[in-house]
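Report on the structure given below.
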Amino acid sequence: MTLLLSHLSRHFTDAAALDDVSLAIAPGEFLALLGSSGSGKTTLLRILAGLDYPQSGSVTRGGHDLLSMNARERKVGLVFQHYALFRHLTVTENIAFGLRVRPRHARPSRTEITDRVEKLLKRVQLEGYGGRYPAQLSGGQRQRVALARALAVEPDLLLLDEPFGALDAQVRIALRRWLRNLHEELGLTTVFVTHDQEEALELADRVAVMNRGRIEQVGSPEAIYQQPATPFVCEFIGKVNKFELQREQDRMICGALDFGADLWAKRYDRAVAYIRPEHLALATDTGWKARLRHIYLAGSVAHLELALDTSEQLIEVDVASEDLLRLGLQQGAELYVQARTATVFPLANDTGEAKSEDRRVLRPHQQPY
Amino acid sequence: MRTTAHVSRPVSWQRRALHVLLILAVVCFMSVFLLLPLAVVFVEGLRGGIAAFIDTIGQREALASMRLTLLVAAIAVPLNLIFGVAAAWAMTRFQFRGKALLGAFIDLPFSVSPVISGLLYVLLFGAQGWFGPWLEQHGVRIIFAVPSLVLVTIFITLPFVARELIPLMQAQGSEEEEAARVLGATGWQMFFRVTLPNIRWALMYGVLLCNARAMGEFGAVSVVSGHIRGLTTTMPLEIEMLYNGYNEYDHIGAFAVASLLALLALLTLAVKTLLEWRYSDQIAPHTPGGH
Ligand SMILES: Nc1ncnc2c1ncn2[C@@H]1O[C@H](COP(=O)(O)OP(=O)(O)O)[C@@H](O)[C@H]1O
Ligand SMILES: [Mg+2]
């Protein structure tokens, strides 16, 4: 059953938390909502869970209106950012809660509930912890209890709000892989919220990038990374070098740097170009002249900081560490840099606004053929 | 609760003297202003011996005043429990216009003098009051009768439960309640299985304070009571009447009833202390996220 969100808007007194959000979520999909703090991710989850309502727009699941159902009827599992475990109940009682509050005719028998809780405890690797209280658990354990509690009611849709946000790095990575496996086992439609782009790209089938209450782009992690649709996505995902371009007759230039031919038939005078560090290559004779300022060695990759000769603009170039050794590069060395691909957004002449729909990929250093 | 470890370090004799002096001062102060009067109440009450004591408090008027005090508390406290929970819920779980005003109104009984509270009710329901003539026509008597005692006591003790709950419920937030909703709980299930267990100690505390005040209130009750012995005198009023001798001056009687009332207060205090001691870990405020 496809979950269809269309034109959702939610305004609080001061500003819009959601602004005309539309999204289709396929059954069994693992979708990441990625955005910085305050971009409306939690608000969106709360609307799906029935804890908040939009001022306009609709949510349907398999054609049924979800917004007209209350939270109890939706069959949605929600894991809160701070887990929201019932502090006065043990782990077992927490997990059994959703089953115990069911009306008598729908409530499993006592032994059945015990069975199911045991199974879930095993599934989240917390056997033997059933008698503890939330206060006696570590962050990662609480997180898994919250997950088991949400799964106990066998939801059709699982929502996770920054599931790894409060955990330390090691636990986070272990839990992340574990969650992905769990998703594959259960095949449950899952939406998880994160502000960590690495997490979103690694885990999700599809990523929706949110910014100030709007969805900027939805797509596979590859598409988000390789073909960012808006300047925001370019800057938010991964490292990126930014250049401000001007049109000079039929060329797009940044100072003395030539980015290639104008592709918009002179409709725009200015544009902004983004080049990822790994899309820049070092060369010995042709390209943009630059001086090596710093080398940041990070295992297999080296991040080089260079200053462009013409503009003194600092850029970052990624090269394989072994290339660094092979080239014998030193701080202060004079080099040439070649840009393989640049994502360019023209700017409207009047407002200066980026025209995302006219995005083009330029290849400044590709030989014309 | 964390206990601070005592690190032994050289302490100058001046500092030590200061410590001792301060502690002595506090103990003296407490003795003179709290313990001594309390002791006097019991000593004076028992001056005539146990038999006289029992005889005094067994008198019709004394017994009636005890019954009345318990009746008034038995009505006022449960009502204020319900009101307090409802008000705290509204204040901490809903956004609405006039919320600050509601907060201020909840505090009103604390900020106006009890005598004025009593007078307000006389103005409303008394013979010359707004609703007085209408009530009289329908044969309902409020002022100088038991209903007025209940009404002013409810008014006076209104803030206790709500004031105890509001800060706690604010600190705990509504996430657990929302979790319960998403897990399929009805409103009542959410309240009885999540909200109530989380606030029970604060609630108990508020109820005890409310009860202590309900039984001990004098000023407001005095204004509306009419002082009809055996009918509209609660224990505090009975004590005052015995002491000031409207009928006859009865020193021992006044102190006998007073010591009973003081005993009730001490009992409340004991229950509260017991609860605090027994559940100190649960009463201590939980930090959000860190529970
Ligand atoms: N209950 C609320 N009242 C007022 N403003 C809110 C409320 N909840 C969220 N907001 C605002 O809506 C915006 C989006 O919030 P949220 O959905 O929590 O963002 P995120 O989860 O992406 O950090 C923020 O600007 C926030 O201040
Ligand atoms: Mg959030």
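The figures that follow rest on heavy atoms only: side chains count, while hydrogens, waters and symmetry mates do not. Order of the sequence lines fixes the chain letters, A, B, ..., with proteins taken first and strands second; residue numbering starts at 1 for each chain.
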Non-hydrogen atoms of chain A under 4.5 Å away: do they reach the side chain of B:Gln189, the backbone, both or neither?
side chain
With a 4.5 angstrom heavy-atom cut-off, which part of A:Phe97 approaches chain B: side chain, backbone, both or neither?
side chain
CZ of B:Arg193 to CG of A:Leu89, rounded to nearest 0.5 Å, is 9.0 Å
side-chain contact (heavy atoms from CB on, under 4.5 Å) assessment of A:Phe86 paired with B:Leu183:
CA-CA 12 Å; A:Phe86 305 125; B:Leu183 287 168; 4.1 Å; yes
Return the CZ to OG1 distance between A:Arg102 and B:Thr186, rounded to the nearest 0.5 Å.
14.0 Å
How far does CD of B:Glu176 sit from CZ of A:Arg87, to the nearest 0.5 angstrom?
4.0 Å
Where does A:Arg74 contact chain B at under 4.5 Å (heavy atoms): side chain, backbone, both or neither?
neither
Heavy-atom count check: over 12 atoms from other residues, nucleotides or ligands less than 6.0 Å from A:Lys122 NZ?
no
Flag yes if more than 12 heavy atoms outside A:Glu127 fall under 6.0 Å of its CD atom; otherwise flag no.
yes
Looking at CG of A:Leu51 and CD of B:Glu177, how far apart are the two atoms once the value is rounded to the nearest 0.5 Å?
11.5 Å
Taking atom CZ as the centre, does B:Phe105 end up with more than 12 heavy-atom neighbours from other residues, nucleotides or ligands that are less than 6.0 angstrom away?
no
For B:Ala185 against A:Arg72, the heavy-atom pair lying closest together:
O-CD, 3.2 Å
In terms of heavy-atom contacts, does CZ of A:Arg110 have more than 12 from other residues, nucleotides or ligands at under 6.0 Å?
no
Please give me the minimum heavy-atom distance between B:Ala179 and A:Ala84, naming the atom from each residue.
CB-O, 4.0 Å
If you count the non-hydrogen atoms of other residues, nucleotides and ligands that lie under 6.0 Å from CZ in A:Phe12, is the total more than 12?
yes
Where is the tightest heavy-atom contact between B:Val194 and A:His88, given as atom of each residue plus distance?
CA-CE1, 3.9 Å
Using 0.5 Å steps for rounding, measure from the CD atom of B:Glu175 to the CG atom of A:Leu85.
10.5 Å
